[in-house]
Amino acid sequence: GGTVRIEEVAQGALSKMGVGQIANEVAIRMEGFDRYSNGRHLNRYAPSMISISREGLQKILADSVTPGVIQLGKEVVGVRKSDKVELSFADGATEAFDLVVGADGINSAVARQCFPKETADKFTGYVVYFCIAKGSYVPELVYSEHFISKGSLGFRMVTVAGGGSDGRLDSLQITTRGDPCSSDWDAEGEVAEMMSYLDIAGDRCLPGSREIVANADRVFKWGMYQSPRMPTWIAEDGGVVLLGDAAHAMAPFTGQGASSAIRDGLCLGELLATRPLPAALEEF
């Protein structure tokens with residue numbers, strides 16, 4: 001995964017969870033947000049954002065949980081409501097719970113089974129090429145985006161510095177119009193495809209962009225999807241609630257999706273700690 005930008009309110013949520021300080025130690029605090037169009041600098045403003053790698057954030061959150069709570073390799077294949085909510089797993093096991101929180105992303109298995117009418121994700125018309133390289137290639141700790149048009153072709157390139165659990169990770173993202181394609185994390189693109197956009201940009205390439213591509217292990221190509229607005233995130237017969245991308249996947253923009261998911265988690269946790277279950281879900 002790439003770098004996640006976490007805005008100020010979500011940073012406050014991480015602090016309430018007790019992991020804000022360590023997140024700040026791993027992350028890079030952005031000193032500015034620069035916007036360009038066809039080589040012309042439009043503006044700069046000072047965002048209250050930090051930039052952290054997904055693996056770094058995941059490690060911080062996982063390390064904060066009591067050992068043994070997280071169980072990996074438990075793929076959910078079935079959800080059934082009786083007195084409790086029964087989950088069936090790909091390994092053949094079943095287990096019953098008072099509450100199931102579907103926080104399993106835009107392709108949520110929980111949402112597909114419990115909200116079948118509301119889970120038709122919509123392709124935005126945009127495709128993202130992305131790569132990340134270990135090291136310092138972006139000259140300033142600034143989130144930079146450049147809108148470039150040439151003839152009938154238009155695209156947006158973004159460079160950003162990010163902090164990981166083992167050091168600096170800089171990334172390049174190119175967004176353009178395209179045909180529907182996979183949004184799976186491991187959907188790969190070609191280095192040549194990414195370089196073709198840099199060649200079109202020519203001397204208008206953002207500083208460090210060519211070096212990031214040259215030093216990246218892989219190039220990813222993702223279709224951008226978002227989910228329709230759902231009338232509720234609570235299953236009709238209770239016991240199941242959605243949060244994050246499973247509930248409200250949105251096209252990516254400065255980490256708003258990730259920040260929303262962090263705030264979802266804190267909000268639901270606080271309500272479950274202070275309200276009866278039905279009231280907590282309804283208020284959430």
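- To the nearest 0.5 angstrom, Ser196 atom OG is 8.0 Å from Leu198 atom CG.
- We find that Arg44 and Glu140 are joined by a salt bridge, their nearest charged nitrogen and carboxylate oxygen being less than 4.0 Å apart.
- Enclosure of atom CG in Asp91 by more than 12 non-hydrogen atoms of other residues, nucleotides or ligands within 6.0 angstrom is indicated.
- Under the 4.5 Å side-chain criterion, counting only non-hydrogen atoms from C-beta, Arg210 is in contact with Cys205.
- For the pair Glu188 and Arg218, the salt-bridge criterion is met [side-chain N within less than 4.0 Å of a carboxylate O].
- Other residues, nucleotides and ligands place more than 12 heavy atoms under 6.0 Å from the OH atom of Tyr36.
- Distance check, rounded to the nearest 0.5 Å: CD1 of Ile28 to CG of Asp170 gives 6.5 Å.
- Side chains of Ser183 and Met224 form no contact here, defined as non-hydrogen atoms less than 4.5 Å apart.
- With hydrogens and angles ignored, the 3.5 Å screen pairs no side-chain donor or acceptor of Glu283 with any backbone N or O of Ala280.
- From Glu7, atom CD reaches atom CE of Met49 across 9.5 Å, with rounding to the nearest 0.5 Å.
- Annotation for Tyr197 and Tyr129: closest pair CE1-CE1, 3.8 Å, computed over non-hydrogen atoms.
- Contact annotation: the side chain of Glu55 approaches that of Leu169 to within less than 4.5 Å [non-hydrogen atoms, C-beta and beyond].
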Val9 and Arg263: CA distance, side-chain angles, deciding distance, side-chain contact (heavy atoms from CB on, under 4.5 Å) verdict:
CA-CA 8 Å; Val9 178; Arg263 294 164 65 185; 3.5 Å; yes
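- The closest side-chain heavy-atom distance from Thr176 to Val128 is not below 4.5 Å.
- Note on Lys134 versus Asp166: salt bridge recorded, some NZ/NE/NH1/NH2 to OD/OE distance being below 4.0 Å.
- No continuous path of hydrophobic side-chain contacts links Trp233 to Ile262 [ILVMFWY only; heavy atoms under 4.5 Å].
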Under the salt bridge (charged side-chain N to carboxylate O under 4.0 Å, His left out) rule, what do Asp104 and Arg112 come out as? Steps first, then yes or no, please.
CA-CA 11 Å; Asp104 48 342; Arg112 282 199 303 272; over 6 Å; no
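- Judged purely by distance below 3.5 Å, without hydrogens or angles, the side chains of Arg168 and Ser136 pair a donor atom with an acceptor atom.
- Nearest heavy-atom pair, Ala251 versus Gln226, reported as atom, atom and distance to 0.1 Å: N-OE1, 3.5 Å.
- Rounding to the nearest 0.5 Å places CE of Met157 at 5.0 Å from CD1 of Ile174.
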Using the side-chain contact (heavy atoms from CB on, under 4.5 Å) rule, take Arg5 and Val160 through it: C-alpha gap first, then chi angles, then the decisive distance, then the call.
CA-CA 9 Å; Arg5 269 74 71 196; Val160 63; 3.6 Å; yes
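- Rounded to the nearest 0.5 Å, atoms CE (Met194) and NZ (Lys221) are 12.0 Å apart.
- For Glu8, the CD atom sits in a loose shell: 12 or fewer heavy atoms of surrounding residues, nucleotides or ligands are nearer than 6.0 Å.
- What you find for Ile52 and Ala27 is that their closest heavy atoms are CB-CB, 3.8 Å.
- Taking both residues in full, the closest heavy atoms of Tyr225 and Cys181 are given as OH-O, 2.8 Å, listed atom of the first, atom of the second, then distance.
- Taking hydrophobic clusters as Ile, Leu, Val, Met, Phe, Trp and Tyr residues chained together by side-chain heavy-atom distances below 4.5 Å, Leu268 does not share a cluster with Leu61.
- Cation-pi geometry between Lys74 and Phe89 is met: the NZ or CZ atom falls under 6.0 Å from the ring centre, inside 45° of the normal.
- At least one side-chain heavy atom of Leu87 sits under 4.5 Å from a side-chain heavy atom of Val100.
- Distance alone, capped at 3.5 Å, is enough to place a donor-acceptor pair between the Ser51 side chain and the Ala161 backbone.
- With Trp222 contributing its side chain and Ser182 its backbone, the two residues share no donor-acceptor pair below 3.5 Å.
- Summarising the local packing, CG of Asn43 is surrounded by more than 12 heavy atoms from other residues, nucleotides or ligands at distances under 6.0 Å.
- Atom OG1 of Thr175 is separated from atom OH of Tyr126 by 9.0 Å, given to the nearest 0.5 angstrom.
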Under 3.5 Å, sequence neighbours excluded: what are the donor-acceptor pairs made by side chains of residues 141-154?
| unit_1 | atom_1 | unit_2 | atom_2 | d |
| --- | --- | --- | --- | --- |
| Tyr143 | OH | Arg156 | NH2 | 3.1 |
| Glu145 | OE1 | Arg156 | NE | 2.7 |
| Glu145 | OE1 | Arg156 | NH2 | 2.9 |
| Glu145 | OE2 | Arg35 | NE | 2.6 |
| Glu145 | OE2 | Arg35 | NH2 | 2.8 |
| His146 | ND1 | Arg204 | O | 3.0 |
| His146 | NE2 | Asn38 | N | 3.2 |
| His146 | NE2 | Gly39 | N | 2.8 |
| Ser149 | OG | Asn38 | ND2 | 3.1 |

Could you walk me through whether Glu270 and Arg275 pass the salt bridge (charged side-chain N to carboxylate O under 4.0 Å, His left out) test, one step at a time?
CA-CA 9 Å; Glu270 289 179 332; Arg275 308 279 197 282; over 6 Å; no
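- Residue Phe33 is not grouped with residue Ile50 when hydrophobic side chains (ILVMFWY) are merged at heavy-atom distances under 4.5 angstrom, including chains of intermediate members.
- Taken together through direct or relayed side-chain contacts under 4.5 Å among Ile, Leu, Val, Met, Phe, Trp and Tyr, Phe130 and Val4 form parts of separate hydrophobic clusters.
- Summarising the geometry of Val26 relative to Ser165, their closest heavy-atom pair is CG1-N, 4.0 Å, with the distance given to 0.1 Å.
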Anything under 3.5 Å between a donor and an acceptor, one on a side chain of residues 13-25, the other on a protein residue two or more places apart or in another chain? List them.
| unit_1 | atom_1 | unit_2 | atom_2 | d |
| --- | --- | --- | --- | --- |
| Ser15 | OG | Gln11 | O | 3.3 |
| Asn24 | OD1 | Arg29 | NH2 | 2.9 |
| Asn24 | ND2 | Gly20 | O | 3.1 |

Give the C-alpha distance, both sets of side-chain angles, the deciding distance and a yes or no for side-chain contact (heavy atoms from CB on, under 4.5 Å) between Cys131 and Ile212.
CA-CA 7 Å; Cys131 63; Ile212 292 171; 3.9 Å; yes
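- At a threshold of 4.5 Å between non-hydrogen side-chain atoms, the residues Leu99 and Leu281 count as touching.
- Closest heavy-atom contact between Gly178 and Val127: CA-CG2, 3.8 Å.
- Both Met230 and Val101 belong to a single network of hydrophobic side chains, linked directly or stepwise wherever heavy atoms of I, L, V, M, F, W or Y lie under 4.5 Å apart.
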Would you give me the side-chain donor-acceptor pairs under 3.5 Å for residues 235-250, sequence neighbours excluded?
| unit_1 | atom_1 | unit_2 | atom_2 | d |
| --- | --- | --- | --- | --- |
| His248 | ND1 | Gly244 | O | 3.4 |
| His248 | NE2 | Asp264 | OD2 | 2.6 |

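- For NZ of Lys59, the number of neighbouring non-hydrogen atoms (other residues, nucleotides, ligands) closer than 6.0 Å is 12 at most.
- Ser53 and Thr3 share no side-chain donor-acceptor pair at under 3.5 Å.
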